[in-house]
Every structure is written in C-alpha cells, then in structure tokens.
Amino acid sequence: MTPLPRAFYDRDTQLVARELLGKWLVHRRDGIERVGRIVETEAYLGAHDLAAHSARGRTARNEVMFGPPGHAYVYLIYGMHHCLNVVTERDGHASAVLLRAIEPVRNITGRTQGPGLLCAALRVDRSHNGLDLMSPTLFITEPDCEEPFAIARAPRIGVDYAGAWARRLLRFFIKGSEFVSKPAPSRKRNRAR
DNA sequence: TGCACGATGAAC
DNA sequence: TTCATCGTGCAC
C-alpha cells in the first residue's frame, strides 16, 4: 500500500473532502495494521471559514492547520474525544478535512461512526498531531477494490455558532452507507428561509 | 491564574 | 436533554 502523494492534498479542500471518500485510512501500531474505509468527511476551508479552528488565528493548537498539506491535525475535543483531520491546500492556507467516519476493513473493533469513535477505533490520539501522512505509520491509500458509490452532502455537524457558514453543504458522505455518523437531531428551531 | 467553552458520545 | 471531562485561549 502506497500513501497518497502530497499533491493529492495540495488541492481545493472540498475536492479533497469528496475524493477522500472510499479511500483507506491506515494506522500501523504495535504490530497491528488497522484499516478503515473513509465514508464521511467535512471540509474546513481556511481562516475565512468561521467554523474552522483557523478562523480565530494561528495558535499552538491549530499550528498544524497553517502548515503544509498532507499532515495530520489531531486535537482533543470536549476533554475526552480526539478528532483527526488532514491538512489541505498550500502552506499557510489553514484548511483541512475532518475525517468523521470509517467502515471497518481490517483489525477494527468497536464503533466507528463519528470523529471521536473513529479515532478511538483506529487508536489515533494527540500524539499523532503534525504527523506527515506520507509516513508508513499513518496514511491514506487507494482501496484494494472499490465499487461505484454516490456522494451526498449536508451541513457540517456541531458548528451552529458559525452562522451562514454552518449552513453550507461542506459535509460529504457515501450515500446509503450504514457507517455514516448519525448525530443526535439538532435542537435547532424552524429557520426562516 | 482563572475560567468559559468546545468540529462528541452516551445516558436519561 | 443532560452530563462527562480537560486542553485551549483569552480575560483579568
């Protein structure tokens, strides 16, 4: 298995988010190779995207987002869950794709539908922050075999604070996959439109 | 030095 | 609908 080249990540973030669907996410650790098929992603477009961590400026936490493409941005959320992102576009653009769900392929135990569960199942944590995805321990690769699938899009999850940016269709998932996350129904009221 | 708050998940 | 749980970022 060969890691996708850096050029894959050095492109439009929405395009990368779409094309990551169906790819295999691989993590080798303790002699175990865990593999999951990516079925759900979210695009965070850069410092102008009010839902992105990078929108509030460069800090110690989001430093990796501001770096070159093809690196892992992993952070701890709600004091207990990890989220894995891949940095996209040119150095300094501060965009990334959040990997939200995978379908188990090899050596995966437990549920994988949601960014926190994905990291737990793959044994990915903050120690992987900044890791180059060209590395043999954590990378994304073409699947061994793949059947055609349809892509659906929807608003991103958990970013209601971002106003109009929260309503943009920047979440992508494989239509009909049972491994796509099913977040709790939003308590959002009827919204005029 | 203190404190409010998450790109979540699970229980009630 | 509520809560667990803690690193981060920014206000004092």
Side-chain angles (χ1 to χ4, degrees), chain A residues 9 12-18 20-21 25 27 36 38-67 69 71-89 93-104 108-131 133 138 140 151-174 177-190:
Chain A
Y9 302 96
D12 174 80
T13 303
Q14 290 191 61
L15 180 62
V16 174
R18 294 176 66 94
L20 279 173
L21 296 176
L25 175 59
H27 181 211
I38 299 170
V39 298
E40 180 181 1
T41 62
E42 280 180 2
Y44 287 85
L45 305 189
H48 59 294
D49 176 354
L50 295 184
H53 286 173
S54 53
R56 273 141 282 171
R58 188 171 186 153
T59 66
R61 179 180 67 157
N62 64 26
E63 174 73 21
V64 177
M65 264 188 99
F66 285 82
H71 291 257
Y73 169 45
V74 186
Y75 62 90
L76 183 66
I77 188 66
Y78 298 115
M80 59 190 90
H81 303 292
H82 298 276
C83 289
L84 170 61
N85 304 251
V86 299
V87 178
T88 60
E89 307 203 31
H93 192 264
S95 52
V97 172
L98 170 65
L99 306 183
R100 285 193 58 90
I102 55 174
E103 172 183 339
I108 301 287
T109 55
R111 301 176 57 218
T112 58
Q113 335 182 344
L117 292 173
L118 181 158
C119 284
L122 265 187
R123 305 292 192 271
V124 167
D125 57 42
R126 263 162 72 258
S127 71
H128 299 88
N129 189 39
L131 197 61
L133 295 176
L138 182 65
I140 298 170
I151 295 175
R153 52 191 303 174
R156 292 172 294 185
I157 302 298
V159 294
D160 286 351
Y161 58 83
W165 281 95
R167 296 190 283 278
R168 291 193 53 177
L169 305 181
L170 294 175
R171 176 177 165 231
F172 302 89
F173 56 96
I174 292 182
S177 171
E178 63 177 295
F179 296 96
V180 169
S181 69
K182 299 170 182 63
S186 159
R187 65 288 183 211
K188 181 170 56 179
R189 320 252 177 270
N190 280 349

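Here is the naming used below: chain letters follow the sequence lines, and residue numbers restart at 1 for every chain.
- Ring pair A/Y75/A/H53: centre-to-centre distance below 6.0 Å.
- In this structure, A/D160 atom CG and B/dT8 atom C1' are separated by 14 Å, rounded to whole Å.
- Atoms CG (A/N129) and P (C/dT8) sit 9 Å apart, rounded to a whole Å.
- Among the duplex regions that DNA chain B forms, those built from at least three successive Watson-Crick or G-U pairs under 3.5 Å are B:1-6 with C:6-11, B:8-11 with C:1-4, ordered by first number.
- Among all heavy-atom pairs drawn from A/A43 and A/A17, the shortest one is CB-CB, 4.1 Å.
- The separation between A/L45 atom CG and B/dA7 atom P is 15 Å, rounded to whole Å.
- If you check residues 71-79 of chain A against DNA chain C, the residues with a heavy atom closer than 4.0 Å are A/L76, A/Y78, A/G79, listed by number.
- Rounded to an integer number of Å, the gap from A/E40 CD to B/dA7 P is 16 Å.
- The two atoms that bring A/R123 and A/H128 nearest to each other are O-CE1, 3.5 Å, heavy atoms only.
- Atom CG of A/L118 is separated from atom C1' of B/dT8 by 13 Å (rounded to the nearest Å).
- A sub-4.0 Å separation between OP1 or OP2 of B/dA7 and a side-chain N or O of A/Y161 is present.
- At a threshold of 4.5 Å between non-hydrogen side-chain atoms, the residues A/V97 and A/N85 do not count as touching.
- Residues A/Y44 and A/L170 form no side-chain contact, since every pair of their non-hydrogen atoms from C-beta on lies 4.5 Å or further apart.
- Among the atoms of the strands shown, only primed sugar atoms or phosphate atoms (P, OP1, OP2) are found under 4.0 Å from some heavy atom of A/R111.
- For the pair A/L122 and A/H27, the tightest heavy-atom approach, listed with the atom from each and the gap, is O-ND1, 2.8 Å.
- For the pair A/R58 CZ and C/dT8 P, the interatomic distance rounds to 16 Å; values are reported in whole Å.
- For A/L118 against A/I102, the heavy-atom pair with the smallest separation is CD1-CG2, 3.6 Å.
- In this structure, A/L99 places its CG atom 12 Å from C1' of B/dA7, rounding to the nearest Å.
- Closest approach to the A/R126 side chain among B/dG9, C/dT8, B/dA7 is made by C/dT8 (side chain taken as heavy atoms from C-beta onward).
- Contact of the A/C83 side chain with the A/Y73 side chain is not registered, since no non-hydrogen atoms from C-beta on lie closer than 4.5 Å.
- For A/H81 and B/dG9, the shortest distance from a side-chain N or O to OP1 or OP2 is not below 4.0 Å.
- Formation of a donor-acceptor pair under 3.5 Å by the A/N62 side chain with backbone atoms of A/T59 is found in this model.
- Of the candidates C/dT8, C/dA4, B/dA7, C/dA4 carries the atom nearest the A/M80 side chain, counting heavy atoms from C-beta on.
- Look at A/R171 and you won't find any side-chain N or O under 4.0 angstrom from OP1 or OP2 of B/dA7.
- Taking atom CH2 on A/W165 and atom P on B/dA7, their separation rounds to 16 Å, with Å as the unit.
- Nearest heavy atoms, A/F173 versus A/V180: CB-CG2, 3.8 Å.
- A heavy-atom distance below 4.5 Å is found between the side chains of A/L45 and A/R168.
- Contact detail for A/A96 and A/T88: the closest heavy-atom pair is N-OG1, 3.6 Å.
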Return the polar atom pairs (N/O with N/O) between nucleotides 9-12 of chain C and the protein under 3.5 Å, or none.
unit_1, atom_1, unit_2, atom_2, d
C/dG9, OP1, A/T59, OG1, 2.1

